2 protein chains.
Amino acid sequence: MGQVKESSTNFENRKIMNDACPEVYAASILGTQWTLAICSYLILGKHRFGELRKKIPGITERMLTLKLRELEQQQIVKRTVFAEVPPRVEYELTKIGKDLAPLIAQLDAWGRKHKKLVNSTKYA
Amino acid sequence: MGQVKESSTNFENRKIMNDACPEVYAASILGTQWTLAICSYLILGKHRFGELRKKIPGITERMLTLKLRELEQQQIVKRTVFAEVPPRVEYELTKIGKDLAPLIAQLDAWGRKHKKLVNSTKYA
DNA sequence: CCCATTACTTACTTTTTTTATAGTACCCTA
DNA sequence: TAGGGTACTATAAAAAAAGTAAGTAATGGG
């Protein structure tokens with residue numbers, strides 16, 4: 001829950017759902033734009049900031065920064081800064097981050113299946 | 001992708017990612033607010049509109065309608081209208097909708113684990 | 001001294017999603 | 001004939017998320 005106003009109805013609603021339903025909580029973490037793409041690359045291994053930016057088409061530096069910071073706060077990603085010039089920062093998944101792998105595989109499988117279904121019925 | 005402007009950068013970005021990554025595509029379907037909560041209830045069985053509204057705390061009729069329509073378009077939910085007064089409309093999962101069950105179970109498992117971890121380190 | 005490199009910030013603007021509130025149609029019952 | 005139940009719609013506003021564009025810092029090399 002990035003920048004949610006604690007006074008908003010939206011905040012209340014999410015809080016209640018997230019507290020009551022772990023699956024909703026998990027989906028709300030993974031379902032925002034760019035987040036899962038980043039995780040998918042990090043599952044393949046450690047990446048520098050610039051590497052991620054190059055691999056993820058269309059992402060801006062701002063968005064990449066925001067999402068990485070969010071993932072870091074959520075303890076899904078670990079950030080390591082090297083005291084060099086020019087700077088070098090490496091990102092890698094934490095233990096729980098790595099635990100996403102089978103979940104991502106399932107999402108992938110269901111996604112393929114669904115896409116296939118929808119496309120096959122689109123013009124039927 | 002509910003009400004996205006086809007001319008926006010956002011539309012372009014989502015399109016590219018969704019086309020390339022089925023897991024991102026799947027997560028973007030399941031990750032928006034209310035969607036997974038609705039599916040979770042429907043996995044338990046057929047529900048009427050009003051039943052869902054009562055079970056899902058905080059949801060407005062408008063949101064419930066919107067999300068159900070979206071799920072219907074995505075062929076995840078089937079809608080059946082009975083020609084009665086007062087009206088009766090039933091919602092149930094389609095085949096691919098039911099295929100979400102194991103995915104939801106995994107989301108649930110990961111969500112619990114993550115929540116536990118975050119809470120345990122919060123004040124450490 | 002100027003430029004390149006890398007990983008960001010900052011200050012906005014635009015787009016998308018969610019919420020609020022007030023209807024509507026239909027028939028049945030009291 | 002007024003009110004109740006059900007499943008919605010319409011319109012507007014608020015909130016959240018994403019995108020744009022222009023910096024910044026530090027240092028080594030030319």
Side-chain angles (χ1 to χ4, degrees), chain A residues 1-17 24 27-38 47-72 77 79-91, chain B residues 1-18 24 27-38 47-70 72 77 79-91:
Chain A
M1 284 167 73
Q3 313 307 345
V4 279
K5 252 190 212 183
E6 297 207 359
S7 62
S8 71
T9 304
N10 188 258
F11 177 83
E12 257 309 298
N13 284 338
R14 292 206 222 179
K15 194 163 159 299
I16 290 166
M17 288 298 306
V24 171
S28 78
I29 289 179
L30 304 176
T32 67
Q33 215 168 348
W34 307 117
T35 299
L36 201 54
I38 293 169
H47 279 75
R48 293 183 59 174
F49 182 87
E51 290 172 339
L52 286 171
R53 189 192 32 180
K54 274 169 214 153
K55 284 194 182 176
I56 302 173
I59 198 168
T60 62
E61 300 196 331
R62 175 176 148 76
M63 275 299 130
L64 185 53
T65 303
L66 283 178
K67 297 297 170 173
L68 284 169
R69 289 290 198 281
E70 210 175 303
L71 285 165
E72 197 193 350
V77 159
R79 178 171 180 261
T80 312
V81 183
F82 295 86
E84 302 174 3
V85 171
R88 179 159 63 102
V89 182
E90 286 184 350
Y91 293 93
Chain B
M1 285 166 71
Q3 313 307 346
V4 277
K5 251 190 213 182
E6 299 208 357
S7 63
S8 71
T9 302
N10 187 258
F11 176 82
E12 256 311 296
N13 284 338
R14 291 206 224 178
K15 193 164 159 299
I16 289 165
M17 288 298 305
N18 286 352
V24 172
S28 77
I29 290 179
L30 303 176
T32 66
Q33 214 168 348
W34 306 117
T35 299
L36 201 54
I38 293 170
H47 279 76
R48 294 183 59 174
F49 183 87
E51 290 172 338
L52 285 172
R53 189 191 32 180
K54 273 169 214 150
K55 285 193 182 177
I56 302 174
I59 198 167
T60 61
E61 299 195 333
R62 174 172 151 76
M63 272 299 126
L64 184 53
T65 304
L66 282 180
K67 296 297 171 175
L68 283 169
R69 289 290 197 282
E70 209 176 305
E72 198 194 352
V77 160
R79 179 171 179 260
T80 311
V81 183
F82 295 86
E84 303 173 1
V85 170
R88 178 159 65 102
V89 181
E90 285 184 351
Y91 293 92

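Side-chain atoms are counted along with the backbone in the values below, which use heavy atoms only and exclude waters and symmetry mates. Sequence lines set the chain letters: A, B, ... in the order given, protein chains first and strands last, and positions in each chain run from 1. Here the structure is a predicted model, which is why all the values come from computation and not from measurement.
Counting only heavy atoms from C-beta outward, the side chains of B:Lys67 and B:Thr32 approach each other to under 4.5 Å. Residues A:Glu72 and A:Leu68 form no side-chain contact, since every pair of their non-hydrogen atoms from C-beta on lies 4.5 Å or further apart. Put simply, the side chain of B:His47 does not reach to within 4.5 Å of the side chain of B:Ile38, judged on heavy atoms. Looking at A:Leu66 and A:Met63, their side chains come closer than 4.5 Å, going by heavy atoms from C-beta outward. Side-chain contact between B:Lys5 and B:Phe11: absent, with no pair of heavy atoms (C-beta onward) separated by less than 4.5 Å.
Rounded to whole Å, the distance from CZ on B:Phe82 to C1' on D:dG5 is 17 Å. Counting to the nearest Å, the P atom of C:dT18 and the CD1 atom of B:Ile38 are 11 Å from each other. In this entry the distance linking NZ of B:Lys5 with P of D:dA18 reads 17 Å, nearest Å. When the P atom of C:dT18 is taken as reference, atom CH2 of B:Trp34 falls 9 Å away, rounded to whole Å. We find that CD of A:Glu6 is positioned 14 Å from P of D:dA15, with the value rounded to whole Å. At whole-Å resolution of the value, CD in A:Glu70 and C1' in D:dA17 are 10 Å apart. Atom CG of B:Leu68 is separated from atom C1' of D:dT6 by 14 Å (rounded to the nearest Å). Distance CD (B:Glu12) to C1' (C:dT15): 15 Å, rounded to an integer number of Å.
With DNA chain D read from its 5' end, the first of the two nearest nucleotides for A:Gly31 and B:Glu51 is the one closest to B:Glu51. Checking A:Tyr91 against A:Phe11, the closest nucleotide of DNA chain C that is more toward the 5' end is the one next to A:Tyr91.
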*Which nucleotides of nucleotides 20-30 of chain D have their base under 4.0 Å from a protein heavy atom (B), which only their sugar-phosphate (S), and which neither (-), written as one string 5' to 3'?*
B-----BB---
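OP1 or OP2 of C:dT19 has not a single side-chain nitrogen or oxygen of A:Ser8 nearer than 4.0 Å. Phosphate proximity of D:dG19 to B:Asn10: present, with a side-chain N or O under 4.0 Å from OP1 or OP2. Between A:Arg69 and the phosphate of C:dT9, there is a side-chain N or O to OP1/OP2 separation shorter than 4.0 Å. Between D:dA17 and A:Lys67, no contact under 4.0 Å exists linking OP1 or OP2 to a side-chain N or O. Between A:Arg48 and C:dT6, a side-chain N or O to OP1/OP2 separation shorter than 4.0 Å is absent.
Listed by chain and residue number, B:Arg88 satisfy the salt bridge (charged side-chain N to carboxylate O under 4.0 Å, His left out) test with B:Glu84 (two or more places apart in sequence, or in another chain). Partners of B:Thr9 under the side-chain contact (heavy atoms from CB on, under 4.5 Å) rule, at least two apart in sequence or in another chain, are B:Asn13.
Between C:dA7, D:dA7, C:dT18, one nucleotide has an atom nearer to the side chain of A:Phe49 than all others, and that is C:dA7.
At a threshold of 4.0 angstrom between heavy atoms, the contacts of B:Gln33 are confined to the sugar-phosphate backbone, with no base atom among them.
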